[in-house]
There are 2 protein chains.
Amino acid sequence: MAVSLPARKATARGRRTPRASGDERERAILATAERLLEERPLSAISVEDLARGAGISRPTFYFYFPSKDAVVLTLVERTVAESDANREEALAKLAADPRAGWRHGLRASFEAFGSRRGVVLAAAELRTTNAEARELWAGAMEDWVTDVSSIIEAERARGAAPPGLPARELAIALLQMNERVQHMALAGEAPALAEDRVLDVLVDVWVRAIYGAVAAD
Amino acid sequence: MAVSLPARKATARGRRTPRASGDERERAILATAERLLEERPLSAISVEDLARGAGISRPTFYFYFPSKDAVVLTLVERTVAESDANREEALAKLAADPRAGWRHGLRASFEAFGSRRGVVLAAAELRTTNAEARELWAGAMEDWVTDVSSIIEAERARGAAPPGLPARELAIALLQMNERVQHMALAGEAPALAEDRVLDVLVDVWVRAIYGAVAAD
DNA sequence: GACTCTATCAACACACTGTCGAGTTGGTCA
DNA sequence: TGACCAACTCGACAGTGTGTTGATAGAGTC
């Protein structure tokens with residue numbers, strides 16, 4: 001009763017007990033979910049579908065995950081973590097050329113999400129009904145807001161950007177714009193930007209909102 | 001076979017046949033839906049709940065509406081129409097003071113939605129699973145995008161705004177920002193702007209994005 | 001060879017949705 | 001007035017999904 005028990009927690013959502021081989025089953029379920037989510041929305045995927053895809057019966061599915069939501073949450077956690085990793089590194093490079101700096105940072109985040117279309121759309125769907133998904137997303141957003149706010153403040157402090165809205169409020173508005181614009185582009189829904197225009201358009205709005213001087217008018 | 005049959009279509013979603021008294025029932029169902037949506041999310045409301053609230057049995061509900069979604073769609077249609085009405089009138093007044101003009105226009109739209117919190121949140125929830133809801137929303141968005149684009153172009157033509165991104169792309173990004181920011185504020189979700197800050201912040205970003213000169217940098 | 005722990009599934013209990021058919025009721029007109 | 005029709009109502013059913021329970025098979029100790 002000593003080995004391999006501690007240091008788990010991110011996987012609390014996974015199978016009831018650690019150890020043992022049936023570990024491929026867990027991976028098979030996740031892989032099935034990821035595959036099916038590229039084809040159809042979360043609401044059109046049942047536990048039965050996930051179980052069949054992984055070659056097990058529906059009750060057996062519940063041995064590995066407590067619900068369909070838990071599977072998706074695991075997938076979303078991964079994607080968020082991946083995007084976070086990119087973000088970390090993309091911070092410092094602003095000083096020289098602000099536009100290029102922001103562009104680089106935003107691209108990193110778009111690429112992390114753009115390459116996981118199914119998971120991202122499922123996350124949005126989940127957030128409407130699942131509190132845990134909302135909290136997970138809220139946590140990630142909060143981190144981004146904090147980072148972006150402090151960069152904006154730094155840019156103002158060094159005189160590169162003029163004073164303006166409270167940095168946090170500006171950061172929230174810009175990040176929520178990014179979220180929605182990218183979502184609509186990925187979903188291909190209605191009035192949406194073409195995927196290859198998203199970055200150019202958003203960077204332009206960011207730069208004008210942060211560095212543009214318009215004052216009272 | 002002559003009276004009152006034509007000119008219906010917006011209510012195609014309503015009860016099977018026109019005429020007759022049980023018209024209050026239809027209204028009772030809509031009122032119940034609107035009331036319950038202020039209390040809890042759409043996903044936590046069943047057809048049974050709507051029927052009981054209107055004082056009828058579940059099968060009888062289906063005499064008036066083909067589904068729970070249809071009820072919400074009717075509510076959303078109304079709200080969208082109401083906001084459209086406001087928008088129409090709020091257009092012309094830009095020339096003198098752009099900031100005040102945009103502010104006025106955005107406020108009209110925010111107020112229409114802000115006063116129907118439950119319906120707006122339900123609409124967002126519905127859009128994730130219901131194609132008809134997506135199309136309804138897409139249509140409204142498209143109208144706004146068209147209007148905003150042509151105003152931006154007019155402002156550029158008269159020399160008030162500098163050239164920049166294609167007007168349509170800019171309009172899409174800004175409108176989607178508004179949508180998301182207001183949604184989060186109404187939902188009170190995670191990093192959100194305070195409701196009484198939404199207008200100030202968004203107007204500032206709009207004005208900088210449309211009128212701000214930043215150029216290459 | 002008794003014991004234990006992982007892993008598996010048939011069968012069940014629920015919660016919803018949507019439908020069918022058998023009513024009831026109020027107005028119309030022969 | 002009484003036969004008829006359309007609006008309206010609901011009990012009972014069928015279908016689909018979720019999550020649980022209990023019994024069981026197998027692999028690895030000791």
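In the text below, chain A, chain B and the rest are named by the order of the sequence lines, each starting its count at 1.
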- Counting heavy atoms from C-beta on, name the nucleotide in D:dC13, D:dC10, D:dT18 closest to the side chain of B:R58. D:dC13

- Item | Note, A:S150 side chain near A:T146 side chain (heavy atom, < 4.5 Å) | no

- A:I56 CD1 to C:dT6 P: how many Å, rounded? 17 Å

- Message: Strictly below 4.0 Å: does B:Y64 bring a side-chain N or O up to OP1 or OP2 of D:dT9?
- Response: yes

- When rounded to whole Å, the CZ to C1' distance for the pair B:F65 and C:dG18 reads 16 Å

- Message: Between A:R208 and B:V205, is there a side-chain heavy-atom distance shorter than 4.5 Å?
- Response: no

- Over 60° means perpendicular and under 30° means parallel, so classify the ring planes of A:W144 and A:F113, tilted if in between. perpendicular

- Query: Rounded to whole angstrom units, what separation is found between the CG atom of B:L50 and the P atom of C:dG18?
  - Reply: 11 Å

- Query: What is the distance, rounded to the nearest whole Å, between atom CZ of A:R52 and atom P of C:dC9?
  - Reply: 13 Å

- Query: Do the non-hydrogen side-chain atoms of B:I172 and A:R197 ever get within less than 4.5 Å of each other?
  - Reply: no

- Task: Send over the distance from B:R25 CZ to D:dT9 C1', rounded to a whole Å.
- Result: 9 Å

- Message: Check this one for me: any side-chain N or O of B:S57 less than 4.0 Å away from OP1 or OP2 of D:dT9?
- Response: no

- Query: When you measure from the side chain of A:F63, which nucleotide among D:dT9, C:dA11, C:dT8 comes out closest?
  - Reply: C:dT8

- Query: Counting side-chain heavy atoms from C-beta on, which of D:dG19, D:dT21, D:dA12 comes nearest to B:P59?
  - Reply: D:dA12

- Protein-nucleotide distance (A:I29, atom CD1; C:dA7, atom P), rounded to Å: 11 Å

- Task: Could you check how far CD1 of B:I45 sits from C1' of C:dC16, rounded to whole Å?
- Result: 15 Å

- Find the distance B:E24:CD to D:dT9:C1' and express it as a whole number of Å. 16 Å

- Give one of base, sugar-phosphate or nothing for A:S46, where a contact means two heavy atoms less than 4.0 Å apart. sugar-phosphate

- Result of checking A:M184, A:Q176, A:M177 against A:R180 for side chain to side chain contact (heavy atoms under 4.5 Å, CB included): A:M184

